[in-house]
Structures are given as structure tokens and as C-alpha cells.
K.L.:
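Have a look at this one before I ask anything.
So that the names make sense, note that chain A is the first sequence line, chain B the second, and so on, each numbered from 1.
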Amino acid sequence: METPTHKSILQIESYQPQAIEANWQQRWEETGLHTTDTSDSHKPKYYALSMFPYPSGRLHMGHVRNYTITDVIARFKRMHGYNVLHPMGWDAFGLPAENAAIQNNIPPSEWTLSNIEYMRKQLKKLGLAVDWDREVATCKEDYYKWTQWMFLYLYKRGLAYKKEAPVNWCDQCQTVLANEQVIDGRCWRDDSLVIKKKLSQWFFKITDYAERLLGNLPVLEGWPERVLLMQKNWINKSSGAEIHFAVEGRDIKIPIFTTRPDTIFGVTYMVLAPEHPLVELIVSEDYRETVDQYLENTKLKSDLERQATDKEKTGVPLGINAINPYTGEAVPIWVSDYVLMEYGTGAVMAVPAHDERDFAFATKFRLPIKRVIEKPGFIGLPLEQAYTEPGILVNSGEFNGEDSDTGKLKMIRLAESKGFGKEKIQYRLRDWLVSRQRYWGTPIPILYCDKCGTVPVLDEHLPVRLPKDVDFNVKGMSPVATSSSFRQAPCPTCGGMARRETDTMDTFVDSSWYYLRYIDPYNTTKPFEPQLIHQWMPVDQYVGGIEHAILHLMYSRFFMMALSDSGWTEQDEPFKNLLTQGMVLKDGSKMSKSKGNIVDPDEIFKEFGADTARFFILSDSPPQADFDWKDSAVEGCSKFLHRVWRTVMDHKGKIGMDMPLPNYEDMTGETRELFQWTNRTIAGITKDIETQFQFNTVMSKLREFVNYLGKVNPGDSPNAVYSHAICSLLKLMAPIAPHMTEELWFLLGGLDSIHLQSWPKWDSSAIQADHAEIVVQINGKLRDRFTVPAGTDRSELEAKALQSAKIKEHIGEQQVVKVIVVPDKLVNLVVK
RNA sequence: GCCCUGGUGGCGAAAUGGUAGACGCAGCAGACUUAAAAUCUGCAGCACCUUACGGUGUGUGCCAGUUCGAGUCUGGCCCAGGGCACCA
């Protein structure tokens, strides 16, 4: 790297943030100050990553907060000697671009790329220490080529498959809707109810990794507890048993999953999901009509209607019985939409006495309720609600008297020995549906050949390019399917003409691996060089919104695991530490166009400069908490930066670079106090950043220090201790206000960029002040205070406290029964 | 319904079990100024007493508890925000 030429073209005396910022941004870019040499392994690596933005058109304050936090961390780490990778890119595929195409007749690519141009300029104005040479955009061919490669990688490993699946369907628009387009069960465009329709769709087999995704959670010590918990709940592991119930008089067995095999003697009926394939097969002729009607009604129901937990349960009997393999009892089989086809086996055994849902259903349809678990202290009253806790087994034949936990195990063992069931672990996590009937996404690289069936596109034929000759106004299918140039391609196996898959991928696929591409963005032969990934992964600090707690973060973990299985990556977890920053609010609610409470970052840059914006967005709240934007407080930050400027410039003549410090022991009076202040500030701020990134308290410590500095008289000639204080202040502020500190650093005679300096060190022996104020309490109540030299011993403190006139008066006739002394802090007298 | 997070001045918030409210915003008073802005200095939880200096009481959602001492620890409750929601 060339040595940056540190010349200010400005030579100004007053703080003019806009001029300073533009100047330094240009210099830094010219000198490549923020480029990272990933091959340099002399320094320890540090990978700081922000969740990349969707190029919606303009930056919002949430972005400013997110990227400022990561930027400060990146700069802080660099000043600690790390080789820091801090990239930026664009999550550039997605629906808004397609809507713009329909509404304004602009091609999605054009809309997206011009948004990127604009937002990149905005981000540069924020002064991020980002290596822009590594920028990626998921909509560019040299990126989505490798997203397609990822798809094929998963396909070849049996982790991508196609099956019929119900999707959100709007009958009005004749189109499939993405989940995000379904608002409260209705179509976002015409408000009509969304129904389920079966379509053939591509899935990723994330369920294969359920156990690993769950098991690794405790390893992620640097993640917020609540994110780990949300993922755990999402995967929702339950252990129980799969039991096969025979259908009476038929050679058919129905498997059910239950977490409570111990309650199996209490089964009084069985329920199939409406979508269960056996419904059609086993329904008795007398009941076929009512059952068909029920299935028809269910189909018309929206997700919202069907999933409402407070609604009355519905269902119809199939007119046929199942045999409980434990008791030989025949119980009726029903069909009801409270049973979900997607979970377990799509069939349940119903134990109304010990399951709330079954209880509600049985009560409504007057089905028998048989109690098999007794709670301790049971007195034989009829059940008014299901008893779902553990207890002692009754009415359970040979198992009577067992507690439910052992009963559970014994029941499973019996089923296994008799061959009608087995122990089973079940997860709520479903496979990831990645097909989207949309244009603006990564085309799925698959061909359908009449002779050879489903055939993957060969790696050397990637990328499968998005066609341009499409009609965006079609309904009921992906606009890609309207392209005549796209529709067909030669089959790689037989050479005949094959049909191309016209669906594109969910944009979460694009974002599941982008952090890997940043490490090796120009690789044309592989998605990335594994050696570099080994060196740079995992991401040391990931920063982004809590809204991605489940989807993006789980998908990325899945990708890493799948890639690590064949050695493409060494690590199987992508993000070592995660910081989820809070929202930016205005007047107590989220900034939004409809509320008209948006604060435009551009306006803030223009009026106050980026350094003020950065300083403010870190000031008032800790990063994890929501942040309330307040215009007057921004002004306060701007004033503070002006004040720092003045404080430094007013005493410019007394500040020298690298003046040798006298020995601390020899310092006296104000000089000694100033040195203590400086050390205390450095130590405090360093600790605040290192533990939990408490930037809000960093800001108050900076202000306290500057308030103090304003009162210090540095004398008439260059002063080493004062210089040390000012230089430390500038370095402490450098990650937060990079432009202003750089300019001041230069004006003070710094030869190299302040951003290449080491983080200031502190002398821990010089932190404590020479005097301590001692508080005197009586029975814990503050009564007096006095000042002593620091380190005054206990007995002296006690004596001094007892001598105080005020204290004597308070004690009066009472007896001092106990004295607690905390050196340098307080004396507490216990009196009676 | 279940899970999580939080509740401290007018507001944003700080506080290894040890002076509650640092720091800031808004406010008030003063200095500078012809004036305003900017800047600087000071005041500031609430209530009461005192001409004043100062003092007393009270105070971190509510109720108990542990402790010489609790915003902080324990138990119970209330409220707000968020997530999940018929997952067998």
C-alpha cells in the first residue's frame, strides 16, 4: 500500500464538516486506505459485517445506524492491529423492482442498478471504512452464476428436490404470492382472500440439518439469547413415538406421531388432516358425500381462517374405525382441519382427557373422554378441562401405577417389540420452499427433458441468464415463462430440446452465502477459494436487524453446514458474534412514509455532516435498544463536535506530537489530575466498547472529558501531558467521527492518517484520583461527607466519621452498634 | 394461551449490592452583545421547612423478603412492547 499523502487542501480554522468530509473521503479512496489485503496473514484477521441492504432507492436511518455501528467496530479493531475486512453489497433481487417494472415500465435491472448507484453515493457520504472493491450485487451475473452453482451443489447432494406443495394463491390476480405479499391472509393488491393451491415446487432439505442447527445453538455464545431462543422454538424438537393404528377391516395402517404415548390407553378417536391421502381411500360410502363437502370447504378456507386458534373446531367422521394396537379397542376416525398435514404424519390419536385440542373437539362432538393419567391428590371429579401434566397411569392395563415418564418409555418399548411403533423425534422445522413464480430473481438452473426427465444445467453452462424479452403483466405464471428465447435449451444428457425451469429462487437463497463471496469476489472459476474462507471465516461480528432472527440467520447456517460437509468450508457456523440493533423511531413510532415522520439522512449530512449523524445515532441508546430520533439532540451533537474542534484549535500551539511524557510520580497539581482524567477516559471507553459495544456511554465519557478539558489551562508552551490528552481524545473519537479527527490530526502535524494509529493505551496506576470523597451514612441514610487522600485506612475513616458534628447530632443518645467501612467510598454507622 | 424483553425526572438515558438520576435534550437564571444567534457560567427528581446558608421527608411499576445498605439479589403480582401460536 502506498503511503497516504496527508495534505489538507483546506487549511481552515473553523469546523466546516461538509468540506472536510468530502475532502477526506476523496483522499482515502485515492490512497486505498480502506482496502483489505485478504492474503496478508501477518496480522490477526477480523471480519466485520453488516447485513447488506435491499436497494430500495434511498438510505434510511435504520441503515445509518446499522452501518455506523459496524463501521465503528471495524475501525476500533483496526486500531488494535487487526487486518479488518469490512465489505458492503446489495441484496438486489426482489419484488419492488418488478413492481416498478409493471407500474413505470422500467426494466427491473435498470431500476435496481440506478438505486444502487444512488445509495452507494449516500453510503460513501457516511464515511464508511468499507472496501468498495469487494462490493457484490446479487442481481449481477457474476454473482447469481454462483447462486445457481449453490443450487446445483445442493441438488447433487440430494438437498434440493421438487414436490407438490400448497402455495399462496390469489384467485383474483391468478397468481402465486410470496408470503410477504399475504397480509393478514389477504392479497396485498386487491384484498381478496388468499387460498392454498397445489403446485410443483423446489425445496431445500433444511430438515436434514434440524438436529445440527439445534445442537449448535449453545456454541453460538456471541449471539443474543433471544435470537437463539427464537431459532430453538422455530425448530421445535419434540420426542415421542410413531404408532401404527390399523384400519378396521382393511389392510391399511395409519401412522401417527405423539409426544404422549403414555396416554395411549385414553385414545377415544383418531383424526386425519383433510389433505391426508388415506381420507379418500378409507372413507365409508355412507359418509363420502359429507366428507367430500368438508374437504371442499377446507380448501376454500384461507390460512388465516384455518389457523385461528380461537375458532370452534370442525370435522366429520369417516364412518370407519381404527384399532388401538395397545388395547385392541376400535375408535372412530374423523377428519378435521385442526390436524396439519405438514407436521408429523398428518394424523393424530386423540386423547381428550389429556390434550386441550382433543378435549375441545370431543366436547363439541360428544365423543367419549377417558381418563388415564391422575394428578397427585386426585379426588375423582369429572374433568372440566384436559389434564396435560404428568401423573400416575390409571385405566392402562398392565401399566397402571406407573408414573407417566416411565410409562412413556415402557409403552415405546412394547410397540417396538411388537412391531407396531417406534421411538421418534419430530421437528416443527419444514423444508425451505425456494421456488418463486417471479421474474426478478436467480433462475433455477434446471431443465426438463421428455426423455431424461429433470436434468441439472451443467456447471460450465452457468449462468442461466435472466431473459429480457418478457411480459411483466402476465398472470398466473412467472414472467420468465413468457420469454421465447428462454423457454427451451438443449438437454445436456441427450442433446434433445428440453424445457427450462422458469421459476426463480427465493431471494433468501442469494443472501445465504454472500458473506463468503466478499472474501473472494473476483473468483471466476469457483464461488470462492476454500483456503481464503478457512482464513477469514467465521464473521467475527455480524450486525443487523432482529427481523432476520430466524429466516436469514437460519438459512445461512444451513448453507455453511451443507458446504462444510464436503470441505468447501472448514467452519459450519457463519457468524461468531451477532449484534441485533434496535429500530430507529421518531415520536415513539417507526419511521414510515405513511406516518410522515421520516428523517432523510441526506438532509442530515447536508446540514450537520456525517460525523454528527454518526455521533448522534450512537449517542442516546445502547445499540440493542430502540433509538428515538430527536432533531434537537442532533443539534446538540453538532455543537459538541464544534466544541471539540475549538478546544483543540484554541490550544494548537501547546500541542506537540509524540512529546515524551514525564514520570507520573513526578506530576503534580492540575497536570497530575489531567493525566489521571486521560487515563480514566481511555480505560473507560475501551471497556465500554469491548463489552457489549456500549456506545452511548462512550459518548458521555467523551463529553465529560471534553467538559473537563475546557477548564484546563495548558500553559504557554507545548505541554506533553496536555498533548497526550488531546491526541488520546482524537484517537478515541476517530472511529466515531473519522473525518473531523483526521482533519484535526493533520492540523496538529500528524504525518500519517489518524486511522492508522494504534488505539491509545492507559496506565492503570494513574487512573485513580488522589482524593476520595467519603460518604457517611447512618443506618444506610446519607448524613455527611468529607474528602480524604485516596487510600486512607479504615480506622482513620471511622474515626473521622465519628468526629463529624453533623453525625454526632444525628446519633444523639443512640448507640453505635456496628460500623461498616468501604475504603475510598463510605462509612455506614449502624445505631440503635 | 405460551415464550422473550422492558418499566428510573418533562424527555433519551447512567449506575462491579455502597452518594440514584452521570451524560445529553428541553427548561430557568446570569455573563458577553446595541440586539439576536453562537458561546461561556450557574441551577435543576418531587414535597415540605428556612429570609438565606441549609435541612427533613420521600423517590427507580406494585407487594413482601434477604442485607449494615437494594434500581441492582429472591419470591409473588401489575403494566407495556415484541415473537410464536391448533406443531399432536
K.L.:
Check every atom of rA88(B), rU41(B), rC23(B) against the side chain of Lys711(A) and return the nucleotide holding the closest atom.
P.N.:
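The listed nucleotide nearest to Lys711(A)'s side chain is rU41(B).
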K.L.:
Can you tell me the Watson-Crick or wobble partner of rU5(B), both distances under 3.5 angstrom?
P.N.:
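In the structure as shown, rU5(B) has rA80(B) as its Watson-Crick or wobble partner.
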K.L.:
Can you tell me the pairing partner of rG59(B) across any strand shown, Watson-Crick or G-U wobble, with both distances under 3.5 angstrom?
P.N.:
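Paired with rG59(B), as far as the under-3.5 Å criterion goes, is no nucleotide at all.
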K.L.:
Report yes or no: is there a donor-acceptor pair, N or O only, under 3.5 Å between the side chain of Lys313(A) and the base of rC86(B)?
P.N.:
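Flag set: donor-acceptor pair detected.
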K.L.:
Taking the same atom, P, in rU67(B) and in rU56(B), what whole-Å distance lies between them?
P.N.:
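That atom pair is separated by 28 Å.
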K.L.:
Do Arg226(A) and rU5(B) share a donor-acceptor pair, side chain to base, under 3.5 Å?
P.N.:
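No, the side chain and the base share no sub-3.5 Å donor-acceptor pair.
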K.L.:
Is there a side-chain polar atom (N or O) of Arg703(A) under 4.0 Å from OP1 or OP2 of rA22(B)?
P.N.:
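Checking rA22(B) against Arg703(A), no side-chain N or O comes under 4.0 Å of OP1 or OP2.
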K.L.:
Among rG18(B), rG55(B), rC4(B), which nucleotide sits nearest the side chain of Lys806(A)?
P.N.:
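Out of rG18(B), rG55(B), rC4(B), the nucleotide with an atom closest to Lys806(A)'s side chain is rG55(B).
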K.L.:
Looking at the side chain of Leu826(A), which of rA85(B), rA88(B), rG18(B) is the nearest nucleotide?
P.N.:
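Shortest atom-to-atom distance from the side chain points to rG18(B).
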K.L.:
In whole angstroms, how far is the C1' atom of rC68(B) from the CD1 atom of Ile778(A)?
P.N.:
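To the nearest whole Å, that distance equals 13 Å.
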K.L.:
rC23(B) pairs with which nucleotide, Watson-Crick or G-U wobble, both distances below 3.5 Å?
P.N.:
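Its partner is rG12(B).
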K.L.:
Looking at rC23(B), rA14(B), rA88(B), which one has an atom nearest to any side-chain atom of Asn696(A)?
P.N.:
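Given the options rC23(B), rA14(B), rA88(B), the side chain of Asn696(A) is closest to rA14(B).
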K.L.:
Between C1' on rC4(B) and CG on Asn236(A), what's the gap in Å once rounded to a whole number?
P.N.:
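Taking atom C1' of rC4(B) as the reference, CG of Asn236(A) is at 16 Å.
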K.L.:
Any chance the side chains of Asn696(A) and Ser621(A) put a donor and an acceptor closer than 3.5 Å?
P.N.:
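No, no side-chain donor-acceptor pair sits under 3.5 Å.
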K.L.:
Of the options rA13(B), rC25(B), rC68(B), whose atoms approach the side-chain atoms of Pro622(A) most closely?
P.N.:
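Taking heavy atoms from C-beta onward, the closest nucleotide is rA13(B).
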K.L.:
Could you tell me how the ring of Phe365(A) sits relative to the ring of Trp334(A): parallel (under 30°), tilted (30 to 60°) or perpendicular (over 60°)?
P.N.:
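It falls in the tilted class, 30° to 60°.
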K.L.:
Nearest of rG18(B), rG83(B), rA88(B) to any side-chain atom of Asp355(A)?
P.N.:
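So the nucleotide nearest the side chain must be rA88(B).
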K.L.:
State the syn/anti category of rG61(B) according to its glycosidic angle, syn meaning within 90° of 0.
P.N.:
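You should classify rG61(B) as anti.
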K.L.:
Can you find a pair of side-chain heavy atoms, one from Pro823(A) and one from Arg794(A), that are under 4.5 Å apart?
P.N.:
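Yes; the side chains approach each other to less than 4.5 Å.
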K.L.:
Is there a Watson-Crick or G-U wobble partner for rG71(B) with both distances under 3.5 Å, and which nucleotide is it?
P.N.:
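Result: none.
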K.L.:
Counting distance only, does the side-chain N/O of His642(A) pair as donor-acceptor with the main-chain N or O of Ser638(A) below 3.5 Å?
P.N.:
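Flag set: sc His642(A) to bb Ser638(A) pair under 3.5 Å.
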K.L.:
Assign Val775(A) to base, sugar-phosphate, or nothing according to its heavy-atom contacts below 4.0 angstrom with the strands shown.
P.N.:
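Result for Val775(A) = base.
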K.L.:
For rU66(B), which nucleotide in any strand shown is its Watson-Crick or wobble partner with both distances under 3.5 Å?
P.N.:
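rU66(B) is unpaired by these criteria.
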K.L.:
Do the side-chain N or O atoms of His354(A) get closer than 4.0 angstrom to the phosphate oxygens (OP1, OP2) of rA88(B)?
P.N.:
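For rA88(B), neither OP1 nor OP2 has a side-chain N or O of His354(A) closer than 4.0 Å.
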K.L.:
Answer yes or no: is there a donor N or O on one side and an acceptor on the other, between the side chain of Gln231(A) and the main chain of Ala549(A), under 3.5 Å?
P.N.:
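At least one qualifying donor-acceptor pair exists.
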K.L.:
Nearest whole angstrom, please: distance from the P of rA88(B) to the CD of Glu242(A).
P.N.:
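From Glu242(A) CD to rA88(B) P: 14 Å.
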K.L.:
Could you give the CD-to-C1' distance, from Glu225(A) to rC4(B), as a whole number of Å?
P.N.:
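Rounded to whole Å, this separation is 10 Å.
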K.L.:
Rounded to whole angstroms, how far apart are CG on Asp628(A) and P on rA80(B)?
P.N.:
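Distance, rounded to whole Å: 20 Å.
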K.L.:
Please state the P separation for the pair rG10(B) and rG61(B) - nearest whole angstrom.
P.N.:
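So the two P atoms sit 14 Å from each other.
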K.L.:
Which nucleotide, rG18(B), rC25(B), rG55(B), lies nearest any side-chain atom of Lys630(A)?
P.N.:
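Selected nucleotide (nearest to the side chain): rC25(B).
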K.L.:
Between Lys825(A) and Ser619(A), who's closer to the 5' end of RNA chain B by nearest nucleotide?
P.N.:
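It is Ser619(A) whose nearest nucleotide is closer to the 5' end.
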K.L.:
Taking the C1' atom in each of rG9(B) and rU60(B), what is the distance between them to the nearest angstrom?
P.N.:
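Nearest-Å result for rG9(B) against rU60(B) at atom C1': 10 Å.
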K.L.:
Which sits closer to the 5' end of RNA chain B, Ala633(A) or Glu342(A), going by the nucleotide each is nearest to?
P.N.:
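Between the two, 5'-proximity favours Ala633(A).
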K.L.:
So what does Gly344(A) hit on the nucleic acid, given a heavy-atom distance under 4.0 Å: a base, only sugar-phosphate, or nothing?
P.N.:
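It contacts nothing in the nucleic acid.
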K.L.:
To the nearest Å, give me how far apart CD (Glu773(A)) and C1' (rA22(B)) are.
P.N.:
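Between C1' of rA22(B) and CD of Glu773(A): 14 Å.
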K.L.:
Could you give the distance separating rA13(B) and rU8(B) at their C1' atoms, to the nearest angstrom?
P.N.:
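So the two C1' atoms sit 9 Å from each other.
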K.L.:
Distance check, rounded to the nearest 0.5 Å: Ile256(A) atom CD1 versus Met349(A) atom CE?
P.N.:
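It is 5.0 Å, given to the nearest 0.5 Å.
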K.L.:
Indicate, with yes or no, if the rings of Phe616(A) and Trp629(A) have centres closer together than 6.0 Å.
P.N.:
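Yes, the ring centres sit under 6.0 Å apart.
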K.L.:
Does OP1 or OP2 of rA88(B) have a side-chain N or O of Ser238(A) closer than 4.0 Å?
P.N.:
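So the side-chain polar atoms of Ser238(A) do come within 4.0 Å of the phosphate oxygens OP1 or OP2 of rA88(B), strictly under.
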K.L.:
For rU33(B), which nucleotide in any strand shown is its Watson-Crick or wobble partner with both distances under 3.5 Å?
P.N.:
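No nucleotide pairs with rU33(B).
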K.L.:
Any donor and acceptor pair, going by atom type alone, linking the side chain of Thr787(A) with main-chain N or O of Glu773(A) inside 3.5 Å?
P.N.:
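Not confirmed, Thr787(A) side chain does not pair with Glu773(A) backbone.
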K.L.:
Look at all strands and tell whether Val339(A) reaches a base, only sugar-phosphate, or nothing, counting heavy atoms closer than 4.0 Å.
P.N.:
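The residue Val339(A) makes base contact.
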K.L.:
Counting only side-chain N and O atoms of Asn233(A), is one of them less than 4.0 Å from OP1 or OP2 of rA85(B)?
P.N.:
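Indeed not, no polar side-chain atom of Asn233(A) lies that close.
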K.L.:
Looking across every strand, which nucleic acid part, if any, lies under 4.0 Å from Ile820(A) by heavy atom: base, sugar-phosphate, or nothing?
P.N.:
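The answer is base, as Ile820(A) lies within the cut-off (heavy atoms under 4.0 Å) of a base atom.
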K.L.:
Remember a base hit wins even if backbone is also touched, and classify Arg643(A) as base, sugar-phosphate or nothing at under 4.0 Å, heavy atoms.
P.N.:
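Answer is sugar-phosphate: Arg643(A) comes under 4.0 Å of backbone atoms only.
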K.L.:
What's the gap between rA20(B) and rG71(B) when it is taken at their P atoms, as a whole Å value?
P.N.:
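Looking at atom P only, rA20(B) and rG71(B) are 9 Å apart.
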K.L.:
According to a strict under-4.0 Å criterion, is Arg783(A) in side-chain N/O contact with OP1 or OP2 of rU56(B)?
P.N.:
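For Arg783(A), the contact criterion (side-chain N or O under 4.0 Å from OP1 or OP2 of rU56(B)) is met.
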K.L.:
Give the rounded distance in Å between these two atoms: NZ of Lys781(A) and C1' of rA70(B).
P.N.:
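After rounding, the reported distance stands at 13 Å.
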K.L.:
Against the six-membered ring of Phe640(A), is Arg703(A) placed for a cation-pi contact (under 6.0 Å from the centre, within 45° of the normal)?
P.N.:
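Positive - Arg703(A) is close enough to the ring of Phe640(A) and near enough to its axis.
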K.L.:
Can you tell me the base-pairing partner of rG42(B)? Count Watson-Crick or G-U wobble geometry only, both distances below 3.5 Å, and say none if there is no partner.
P.N.:
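rC28(B) is the nucleotide pairing with rG42(B).
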K.L.:
Answer yes or no: does a side-chain N or O of Ser621(A) lie under 4.0 Å from OP1 or OP2 of rA13(B)?
P.N.:
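The answer is yes; a side-chain N or O of Ser621(A) sits under 4.0 Å from OP1 or OP2.
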K.L.:
What integer distance in Å separates Asp626(A):CG from rA80(B):P?
P.N.:
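To the nearest whole Å, that distance equals 18 Å.
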K.L.:
For rA85(B), does OP1 or OP2 lie under 4.0 Å from any side-chain N or O of Arg428(A)?
P.N.:
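Answer yes for this pair, as a side-chain N or O of Arg428(A) is under 4.0 Å from OP1 or OP2.
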